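Everything on this sheet refers to the single structure shown next.
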Amino acid sequence: MDEQVIPDVYCDGMLLQLSPFGLILNLTKSSPIPGTQAPKSVAYARMSLEHAKVIAVMLRRVLKQHEEQQGGAIILHPQVYQQLGISREEDW
């Protein structure tokens, strides 16, 4: 009997590709030596926009519950907010 091998991947980056019909998460991994190579794609996750929205809602819910249980926010470096153009108050 053939067993399906499910890849176990590590990523430290992500690129999003959006179309009217779906979304592709391009999961990437950086080189251990910063600035020497472009990030390498390690996996693609393709899904409908509806599925992507459900995942986003569920991820937010699970992370918020974790923060409440731990008694504090998951801390992001201020540079992360700046580079990604996001706001801790408005986007979280």
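Given the structure is predicted, the values throughout are model-derived calculations rather than measurements.
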Same cluster (ILVMFWY, side-chain, under 4.5 Å), [X] and [Y]:
| X | Y | value |
| --- | --- | --- |
| Leu76 | Leu84 | yes |
| Val54 | Leu16 | no |
| Leu59 | Leu25 | yes |

About how many Å separate [atom2] of [Y] and [atom1] of [X], when rounded to the nearest 0.5 Å?
| X | Y | atom1 | atom2 | value |
| --- | --- | --- | --- | --- |
| Met58 | Lys53 | CE | NZ | 15.0 Å |
| Arg46 | Leu23 | CZ | CG | 11.0 Å |
| Met47 | Ile24 | CE | CD1 | 9.5 Å |
| Tyr81 | Glu90 | OH | CD | 12.0 Å |
| Trp92 | Leu63 | CH2 | CG | 4.5 Å |
| Gln65 | Arg60 | CD | CZ | 11.5 Å |

Answer yes or no: is there a donor N or O on one side and an acceptor on the other, between the side chain of Asn26 and the main chain of Met14, under 3.5 Å? no

Hey, is the main chain of Ala43 close enough, under 3.5 Å, to the side chain of Ser41 for a donor-acceptor pair? no

Hey, is NZ on Lys64 packed in by over 12 heavy atoms from elsewhere, all under 6.0 Å? yes

Would you check if there is a donor-acceptor pair between the side chains of Thr36 and Ser31 at a distance under 3.5 Å? yes

Work out which heavy atom in Val42 is nearest to a heavy atom in Val9; give both atom names and the distance. O-CG1, 3.8 Å

Should Val62 and His66 count as side-chain neighbours, where that means a heavy-atom distance under 4.5 Å? no

